[in-house]
Peer 1: 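Take this structure first; my questions come after.
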Number of protein chains: 2
Amino acid sequence: MSETNLNLPRLTEEINTLHHHICYALREPVRILILYLLGEQGRYVNEISELLDIPQPTVSRHLAVLRGRGMVRTERQGTSVFYTLSNPHIIHILDDMRLMFDAEFDESADDSIVV
Amino acid sequence: MSETNLNLPRLTEEINTLHHHICYALREPVRILILYLLGEQGRYVNEISELLDIPQPTVSRHLAVLRGRGMVRTERQGTSVFYTLSNPHIIHILDDMRLMFDAEFDESADDSIVV
DNA sequence: AGGATATATTCGGTTATCCGAATAAACGAA
DNA sequence: TTCGTTTATTCGGATAACCGAATATATCCT
């Protein structure tokens with residue numbers, strides 16, 4: 001029988017929470033891009049839409065995903081809504097991921113099918 | 001007109017790479033769990049299957065996703081295959097994510113629909 | 001109130017991902 | 001080579017996520 005010192009039920013629970021709060025938001029590359037854009041400075045929805053050349057409803061939907069996870073904050077200003085990153089640390093984490101595979105992953109990936 | 005100092009074409013490209021190499025692998029909670037399991041120690045496929053109580057073909061499919069991105073390495077030993085983490089740093093990154101929303105995200109998430 | 005602007009949500013339809021079951025492939029032992 | 005063991009892959013079918021278009025909501029101004 002296999003054994004582990006990990007508390008699997010608890011870890012599973014925590015990972016589900018992690019996934020729900022953060023990883024889910026990173027499913028779409030465009031959402032990561034929006035995070036970087038907001039990492040530079042706060043933006044209005046139409047600015048994001050313009051800069052990325054993406055229809056406004058699509059941007060709003062992606063922002064809703066980030067908002068629902070508390071990754072961005074909003075401040076209404078008249079008819080506009082100003083979005084900012086809740087926690088800039090997400091950018092460090094994303095940069096850290098990029099460093100990780102820059103350093104090592106590429107050379108070690110096998111050549112089997114990449115789904 | 002909105003402007004940004006970000007090099008959007010280049011950033012978009014880099015984010016696509018990031019997403020393809022890492023974020024995609026984090027789409028499924030069970031894959032994150034497998035990463036943690038391998039973070040503790042290397043494992044054979046059937047051990048993972050046993051410990052997580054998941055059918056072996058399902059485990060193999062998830063491992064294939066991780067393998068295709070170079071996140072895990074394999075070493076065949078007879079009929080068995082031993083899996084290890086390519087780069088334990090992924091665990092630090094995941095832990096970092098957990099710390100991030102533990103500290104801040106929960107209190108700031110609004111109550112709109114969380115997709 | 002009525003119109004203009006900015007943002008959010010809903011609605012169908014398409015695509016992608018996932019799972020379980022069955023099968024295939026790799027290897028060792030007899 | 002044949003069998004048993006372990007792992008990998010394939011094949012539907014079900015589900016979930018995504019997008020564009022249309023619509024709804026919120027706010028301000030006259």
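Note on naming: letters A, B, ... go to the chains in the order of the sequence lines (proteins, then strands), and numbering restarts at 1 for each one.
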Peer 1: Which donor-acceptor pairs under 3.5 Å do side chains of residues 54-61 of chain B form with protein atoms, sequence neighbours excluded?
Peer 2:
| unit_1 | atom_1 | unit_2 | atom_2 | d |
| --- | --- | --- | --- | --- |
| B:Q56 | NE2 | B:S60 | OG | 3.0 |

Peer 1: Report for the helix from C:dA1-D:dT30 to C:dA30-D:dT1: angle between first-end and last-end helix axes, five pairs each, rounded to 10 degrees.
Peer 2: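 About 10° separates the two local helix axes.
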
Peer 1: If you round to the nearest 0.5 Å, how far is OG of A:S2 from CD1 of B:I48?
Peer 2: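 That separation rounds to 9.5 Å.
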
Peer 1: Using a cut-off of less than 4.0 Å, is there contact between a side-chain N or O of A:Y83 and OP1 or OP2 of C:dA8?
Peer 2: yes

Peer 1: Can you measure B:H20 atom NE2 to C:dT17 atom P for me and round it to whole angstrom units?
Peer 2: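 Going from B:H20 (NE2) to C:dT17 (P), I get 10 Å.
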
Peer 1: When rounded to the nearest 0.5 angstrom, what distance separates CD1 in B:I22 from SG in A:C23?
Peer 2: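 Result: 11.5 Å between the selected atoms.
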
Peer 1: Once salt bridge (charged side-chain N to carboxylate O under 4.0 Å, His left out) is applied, do any residues pair with A:E14, and if so which ones, sequence neighbours excluded?
Peer 2: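 Partners of A:E14 by the salt bridge (charged side-chain N to carboxylate O under 4.0 Å, His left out) criterion, ordered by chain and then number, come out as A:R10, B:R98.
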
Peer 1: I would like to know whether A:L51 and A:R43 meet side-chain contact (heavy atoms from CB on, under 4.5 Å); could you show each step before the answer?
Peer 2: CA-CA 10 Å; A:L51 285 166; A:R43 294 285 185 181; 3.6 Å; yes

Peer 1: Whole angstrom is fine here: how far is it from CG in B:L26 over to P in D:dA17?
Peer 2: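 B:L26 atom CG is separated from D:dA17 atom P by 16 Å.
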
Peer 1: For B:R31 and C:dC18, is the shortest distance between a side-chain N/O and OP1 or OP2 below 4.0 Å?
Peer 2: yes

Peer 1: Nearest to the side chain of B:R27, heavy atoms from C-beta on, is which of D:dT9, C:dT17, D:dA17?
Peer 2: C:dT17

Peer 1: Could you check how far OH of B:Y24 sits from C1' of D:dA16, rounded to whole Å?
Peer 2: 13 Å

Peer 1: Counting primed atoms plus P, OP1 and OP2 as sugar-phosphate and everything else as base, spell out the protein contacts along nucleotides 20-30 of chain D at 4.0 Å heavy-atom distance: B, S or - for each nucleotide, 5' to 3'.
Peer 2: BBB---SBS--

Peer 1: How many Å lie between CD on A:E28 and C1' on D:dA17, as a whole number?
Peer 2: 8 Å

Peer 1: OP1 or OP2 of C:dA8 sitting under 4.0 Å from any side-chain N/O of A:R67?
Peer 2: yes

Peer 1: Rounded to whole Å, please give me the gap between CG in A:L33 and C1' in D:dC18.
Peer 2: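 Computing the A:L33:CG to D:dC18:C1' distance gives 17 Å.
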
Peer 1: Using a heavy-atom distance cut-off of less than 4.0 Å, which residues of residues 34-51 of chain A contact DNA chain C?
Peer 2: A:Y44, A:V45, A:N46

Peer 1: B:H89 and A:D96: side-chain contact (heavy atoms from CB on, under 4.5 Å), yes or no, with the steps?
Peer 2: CA-CA 9 Å; B:H89 194 57; A:D96 213 16; 3.1 Å; yes

Peer 1: Categorize B:S60 for me: base, sugar-phosphate, or nothing, with a 4.0 angstrom heavy-atom threshold over every strand shown.
Peer 2: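 Base, at least one base heavy atom under 4.0 Å.
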
Peer 1: Only one of A:R73, A:E47, A:R67 clears side chain to side chain donor-acceptor pair (under 3.5 Å) with A:Y83; which?
Peer 2: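 The residue from A:R73, A:E47, A:R67 that satisfies side chain to side chain donor-acceptor pair (under 3.5 Å) with A:Y83 turns out to be A:R67.
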
Peer 1: With a cut-off of 6.0 Å (strictly less than), are more than 12 heavy atoms of other residues, nucleotides or ligands near CD of B:Q77?
Peer 2: yes

Peer 1: Just to verify, what does B:E50 make a salt bridge (charged side-chain N to carboxylate O under 4.0 Å, His left out) with, not counting sequence neighbours?
Peer 2: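 Per chain and number, B:E50 pairs via salt bridge (charged side-chain N to carboxylate O under 4.0 Å, His left out) with no residue.
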
Peer 1: OP1 or OP2 of D:dC18 versus the side-chain N and O atoms of A:H62: is any pair under 4.0 Å?
Peer 2: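 No, outside the criterion.
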
Peer 1: Can you get from B:L35 to B:Y44 by hopping between Ile, Leu, Val, Met, Phe, Trp and Tyr side chains that sit under 4.5 Å apart?
Peer 2: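 No, separate clusters.
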
Peer 1: If you measure from NE2 on B:H92 to CD1 on B:I90, what distance do you get to the nearest 0.5 Å?
Peer 2: 10.5 Å

Peer 1: For A:L66 and C:dA8, give me the distance from atom CG to atom C1', rounded to whole Å.
Peer 2: 15 Å

Peer 1: Please assess A:L11 against B:L37 for the test side-chain contact (heavy atoms from CB on, under 4.5 Å), listing each intermediate value before the final yes or no.
Peer 2: CA-CA 10 Å; A:L11 183 57; B:L37 204 54; over 6 Å; no

